Amino acid sequence: MSEDMTEALRRVEAAVFAASQPVPARTLDALLPEGMVLDEVMAALGAAYAPRGVNLARVAEGWQFRTAPDVAPYLRKVVEQPRRLPRVAMETIAIIAYHQPVTRTEIEEIRGATLSQNTLDLLLETGLITPRGRKETPGRPTLWGTTPAFLAQFGLSDLRALPKREDLLIDPAVPAAPETPPEPPT
Amino acid sequence: MSEDMTEALRRVEAAVFAASQPVPARTLDALLPEGMVLDEVMAALGAAYAPRGVNLARVAEGWQFRTAPDVAPYLRKVVEQPRRLPRVAMETIAIIAYHQPVTRTEIEEIRGATLSQNTLDLLLETGLITPRGRKETPGRPTLWGTTPAFLAQFGLSDLRALPKREDLLIDPAVPAAPETPPEPPT
Amino acid sequence: METEALVLKLDGFEGPLDLLLELARAQKVDLARISILALVEQFLAVIEGARRVRLELAADWLVMAAWLTWLKSRLLVPQLGESEEAETAADILAARLIDLQTIREAARWLGQRPQLGWDVFARGAPEDFVETDRSKLRADLSGLLSAYLAARRRAGGRQQYRPKPMLFFSVQNALERIGRMLGAVPDWASLEQFLPESLEDGLPRRAAIAATLIAGLEMAKDGRLNLRQDEKFGPILMRGRPEELDQGDE
């Protein structure tokens, strides 16, 4: 490995490691020695960390180190964890993700059920959704959209990383193999 | 490297990474596969990180990852936030500028209010004023004057560049109504 | 039997659309090809069953039931001349079910992602390399001048109301007086002896004592006299330095 590459890896590694939030490309680019290409450096960094307990992930328009999913059961003893989102909240965030910007009424039409205050509070509190202006219709209802925290929460590089709607329905009878180990009973 | 060692490294690496506090030995010990010795695992982890941009550090309470000292300067970002001087300090420095060399008592007479030690300390700390000897009167009070830093701060070539007092106090015989709200009681 | 079970679980559904989707999925065919008619009949059967066990039904369930009854009649008897309208309505219903199913799948897809804070964890103790430099001052010349004006005006304004200052025996006066008297007093003399005559009691007298003491201290510092106090709160004694006395003798 060239000396430049070693130095570049050390700098971007430190920068991504130090941050709690995904680090955008331009921040990392500014750290590189002259003539180094960020994509190559990040690919090398990702490869170096792939087998380890901490992995490099491309999320929310940036890079972030995250623990490997398979060590999670051990960490749950060490790290405090937020509660899982209930099904209603998951469906609501899915609607907002796919239909944004979207009003509360539109969300309720798709689900065929009213959206409870609790669910809205929970999604706002977790920072997963945010108002995106108002719809120019009578009553000017608030439009909702997802935040970078939503991308970070679900490990998405951007909204295009969501599966296409057509692909979701291909064979709903056979659920895809889960990527994560089965949850321990709560 | 044994399979157990690889797995042990992944777990302690992830745990130290994800924890918000240094992780104590007993916590890490509980994560190890049967028969592994923590000291050996941590020594191996430390060695793996030693040449990198992030190092494993042993602190009083346990282990912690820290940015390598030689990389830290690249990550440092300095944000300038010039502070404002409180009004009392501005008035005091203005009086010193116009009446120097001047004693504390004289400043108080001109301002018509006592000068607190805090204000004097603050001005000394800014480097805008400096002692200029003592007045040969009982008590030999310190005389105060402005510094070259004062000229630089206010963009003055020298003290004669300050507007004349007559140009400022158009009719000093008739005191104008105060422009500023009355001082709060101190 | 299946219907009976559904009636009891009506509360578990998120609304009539949720139940319709559940019934449609039970047909075990592609959602795009489900039998709307069969679906409608199943839904109405559940509502009937709920009424039989006198379940209180929310308005949206009854609205859906009424609409589906209308849809069923048109689908069964196309001769009524509104078959196109009924088919459109059936298509819309099918599309809504597909939309809901899509969202269910999307929610499930998201739920299976490794989630931050549960399956994966970010750095717990981030390091902040941002330094705030507060050393610079935000102060300009116009601010300096207006501060000067404000100070002068305030002081000027106050002077108007300042009462005529009382004239006390000052330190300067005391210095002169002690200097004059030292030669005339050869030995230790109490501080009071240096006070001017005909002092008013109270503040003027106390001020004169203070001024004389300060002047005495000043002169002691310069080596022109000695000060002595034999006990706490006892009388303060003053004496000129010998050379001072000698000079006085000359």
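Keep in mind that what you see is a predicted model, and the values were worked out from it rather than measured.
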Distance-minimising heavy-atom pair for A:Arg76 and C:Phe121: CG-CZ, 4.4 Å

Where is the tightest heavy-atom contact between C:Ala122 and A:Ser20, given as atom of each residue plus distance? CB-O, 4.0 Å

With chain C as the partner, which of A:Ala89, A:Gly155, A:Pro22, A:Ala18 has the greatest number of non-hydrogen pairs under 4.5 Å? A:Ala18

Engaged part of A:Ala68 at the chain C interface, taking heavy atoms whose separation is under 4.5 Å: backbone

Compare every heavy atom of C:Val120 with every heavy atom of A:Pro69, then report the nearest pair and how far apart it is. CG-CG1, 3.9 Å

Partners of A:Glu136 by side-chain hydrogen bond (donor to acceptor under 3.5 Å, both in side chains), sequence neighbours excluded? A:Arg140

Pairwise side-chain contact, A:Phe17 with C:Glu127, heavy-atom cut-off 4.5 Å (strictly under): no

State, yes or no, whether a side-chain contact exists between C:Ile103 and A:His99 at a heavy-atom distance under 4.5 Å. yes

Closest non-hydrogen contact found for C:Gln115 with A:Phe154 is CD-CE2, 3.4 Å

Nearest heavy-atom neighbours spanning A:Leu168 and C:Ala106: CD1-CB, 3.6 Å

Looking only at atom types and distance, does a side-chain atom of A:Arg111 sit under 3.5 Å from a main-chain N or O of C:Leu100, one as donor and one as acceptor? no

Honestly, the part of A:Val88 sitting under 4.5 Å from a heavy atom of chain C is side chain

Whatever's closer than 4.5 Å to a heavy atom in chain C on A:Ala161 counts as backbone

Let's test your reading of the structure: which of A:Ala152, A:Pro163, A:Ala15 forms the most heavy-atom pairs below 4.5 Å with chain C? A:Pro163

Please classify the contact of C:Leu20 with chain A as side chain, backbone, both or neither, using a heavy-atom distance under 4.5 Å. neither

If contact means a heavy atom pair closer than 4.5 Å, which residues of residues 91-98 of chain A contact chain C? A:Glu91, A:Ile93, A:Ala94, A:Ile95, A:Tyr98

Okay, A:Gln64 and chain C: the region with an atom under 4.5 Å from a heavy atom over there is side chain

Closest non-hydrogen atom pair between C:Arg96 and A:Glu109, with its separation: NH2-O, 2.9 Å

Student check: side-chain heavy atoms of A:Asp167 and C:Trp109 closer than 4.5 Å: no

Take A:Leu156 and C:Arg113 through the side chain to side chain contact (heavy atoms under 4.5 Å, CB included) test and state the conclusion after the steps. CA-CA 9 Å; A:Leu156 301 166; C:Arg113 303 280 303 169; 4.0 Å; yes

Check against salt bridge (charged side-chain N to carboxylate O under 4.0 Å, His left out), A:Arg165 and C:Asp99: CA-CA 9 Å; A:Arg165 296 174 64 186; C:Asp99 278 350; 3.1 Å; yes

Would you indicate whether the side-chain heavy atoms of A:Leu162 and C:Leu110 approach each other to under 4.5 Å? yes

Taking the side chain as C-beta and beyond, is there a heavy-atom pair between C:Arg104 and A:Arg87 under 4.5 Å? yes

Separation of C:Trp118 CH2 from A:Leu75 CG (nearest 0.5 Å): 12.5 Å

Contact check, side chains of A:Thr67 and C:Arg123, non-hydrogen atoms, under 4.5 Å: no

